[in-house]
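Notes follow the structure.
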Amino acid sequence: MAVFVALGAFLMTLAGGWTAQRVTDRRHLVLGLAGGLMLGVVGLDLLPEALRAADHEIHGVPAALLLFVAGFLLAHLVERLLAARRAAHGAVEHTAVRHEAVEHTAVRHEAVEHTAAHHTAAPHGAVEHDAAEHRHRSPEVGLTAAAAMVGHSLMDGVAIGASFQVGGGMGTAVALAVIAHDFADGFNTFTLTRLYGNARRKALAMLFADAVAPVAGAAASAFLTIPEDVLGGYLGLFGGALLYLAAAEILPEAHHVHPARSTLLCTVAGVAFIWLVVGVTG
């Protein structure tokens, strides 16, 4: 029964990813919505659950909150290290390509100088700015974030299976909660992977893995049991990392090119949607 119910989460995750693909022409709105969904999932779903599951304190602070901060800092550290490595590599490549281009066009420079300066200065600057933005983002960060989403979905499946072992009513309630927010999971998994410059096929692969994960988790729950405090710690750590991506990457990018009121409204709508889901499913 748990595996059958988890198929609903599978379909809902794919629906979320499909939606993210279809609205790529409104990228700023997609990112604004994704940021709101992630913020809502962290603040209204993951963190409260983590505090309930891992409520013991370490030096006066709940363990879940310590891991939440650790997750935020870990995501920041990983993103900075990967970005620095990619920037250094990109700088070497950029210098080599620029040097080759200068040598290749030196003989033509005098003939085209006035025309090129008049017609291509602005586009060239835009291209260099876009290239810099692309180099700043490390595809590995997107894949790591998407993999964390897959791990979260796997835990969702385990939660479905475990709740059905407690009782049918509990299983149904947990299943509804998981299915309802798996749309956001699929949406965010695809958006995160693509945002960091990964190819569409990689984004689709991560989306499919995220969709399969609840089914696999529900099936595995028949053979394993995860201690509640361990699960709470994982949720805290994952929540901190997710909040970093939403606050430091997704939302600034959403307002970078189109700082429109509609983008802000999409963010608020994403948070409100998660609030509605949490309230309805309890």
Side-chain angles (χ1 to χ4, degrees), residues 6-42 45 79 130-131 133-154 156-157 178-217 238 241-242 244-260 262-274 276-277:
L7 290 175
F10 172 86
L11 296 175
M12 191 63 75
T13 302
L14 292 181
W18 180 84
T19 301
Q21 293 181 69
R22 299 295 295 179
V23 292
T24 50
D25 57 327
R26 300 292 183 186
R27 185 169 179 268
H28 59 293
L29 299 180
V30 172
L31 294 175
L33 180 61
L37 291 172
M38 292 168 71
L39 179 59
V41 167
V42 172
D45 187 15
E79 195 274 338
D130 290 342
E133 286 291 323
H134 180 70
R135 285 196 303 271
H136 174 70
R137 298 192 179 280
S138 300
E140 296 91 341
V141 174
L143 292 175
T144 301
M149 297 294 293
V150 174
H152 173 57
S153 295
L154 184 67
D156 282 345
V178 169
I179 291 172
H181 84 251
D182 268 357
F183 177 88
D185 285 353
F187 190 97
N188 289 333
T189 297
F190 185 87
T191 302
L192 277 171
T193 309
R194 291 290 283 157
L195 175 64
Y196 283 84
N198 289 285
R200 183 172 178 271
R201 59 182 178 79
K202 289 186 177 181
L204 290 175
M206 296 307 299
L207 173 62
F208 183 76
D210 190 44
V212 171
V215 181
F238 173 65
L242 205 60
Y244 174 81
L245 294 174
E249 298 289 334
I250 302 294
L251 292 177
E253 180 70 14
H255 293 275
H256 177 63
V257 181
H258 296 281
S262 56
T263 306
L264 178 60
L265 290 176
C266 283
T267 302
V268 174
V271 176
F273 173 75
I274 298 300
L276 176 64
V277 169

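Note: hydrogens, waters and symmetry copies are ignored here, and every other heavy atom, side chains too, is used. One-based numbering along the sequence shown.
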Over all atoms of both residues, closest heavy-atom pair of [X] and [Y]:
X	Y	answer
Met206	Ala147	CE-N, 3.5 Å
Ala246	Pro252	O-CD, 4.1 Å
Met149	Asp185	CE-OD1, 3.6 Å
Ala145	Leu192	CB-CD1, 3.9 Å
Ala20	Thr191	CB-OG1, 3.7 Å

Pair Arg194-Gln21, side-chain donor/acceptor within less than 3.5 Å: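 Result is no, nothing qualifies.
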Partner set under side chain to side chain donor-acceptor pair (under 3.5 Å) for Thr193, not counting sequence neighbours: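 Applying side chain to side chain donor-acceptor pair (under 3.5 Å) to Thr193 gives none.
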Once side chain to side chain donor-acceptor pair (under 3.5 Å) is applied, do any residues pair with Asn188, and if so which ones, sequence neighbours excluded?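 Expected list: none.
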Distance from Leu37 atom CG to Phe187 atom CZ, nearest 0.5 Å?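 Leu37 atom CG to Phe187 atom CZ measures 6.5 Å (nearest 0.5 Å).
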When rounded to the nearest 0.5 angstrom, what distance separates CZ in Phe190 from CG in Leu195?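 Those atoms lie 11.5 Å apart.
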Let me have the donor-acceptor pairs involving side chains of residues 265-274, under 3.5 Å, with sequence neighbours excluded, atom names and distances please.
unit_1, atom_1, unit_2, atom_2, d
Thr267, OG1, Gly32, O, 2.9
Thr267, OG1, Thr263, O, 3.2

Find out whether Phe183 and Thr19 are in side-chain contact, i.e. whether some heavy atom of one side chain is under 4.5 Å from a heavy atom of the other.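 Side chain of Phe183 against side chain of Thr19, heavy atoms only: contact under 4.5 Å found.
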Hey, are the side chains of Phe208 and Thr13 touching, using non-hydrogen atoms and a 4.5 Å cut-off?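 A side-chain contact under 4.5 Å is absent here.
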Sequence neighbours left out, what passes side-chain contact (heavy atoms from CB on, under 4.5 Å) with Ala241? Give chain and number order.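 Ala241: side-chain contact (heavy atoms from CB on, under 4.5 Å) contacts with Ala75.
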Who are the side-chain contact (heavy atoms from CB on, under 4.5 Å) partners of Ala213, not counting sequence neighbours?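 Partners of Ala213 by the side-chain contact (heavy atoms from CB on, under 4.5 Å) criterion, ordered by chain and then number, come out as Val150, Ser153, Leu154.
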Quick one: ring pair (Phe, Tyr, Trp, His ring centres under 6.0 Å) partners of Tyr244, sequence neighbours excluded?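 Scan of Tyr244 (ring pair (Phe, Tyr, Trp, His ring centres under 6.0 Å), adjacent residues dropped) gives Phe72, His76.
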Just by distance, do the side chain of Asn198 and the backbone of Pro139 share a donor-acceptor pair under 3.5 Å?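 Looks like yes, one N/O pair under 3.5 Å.
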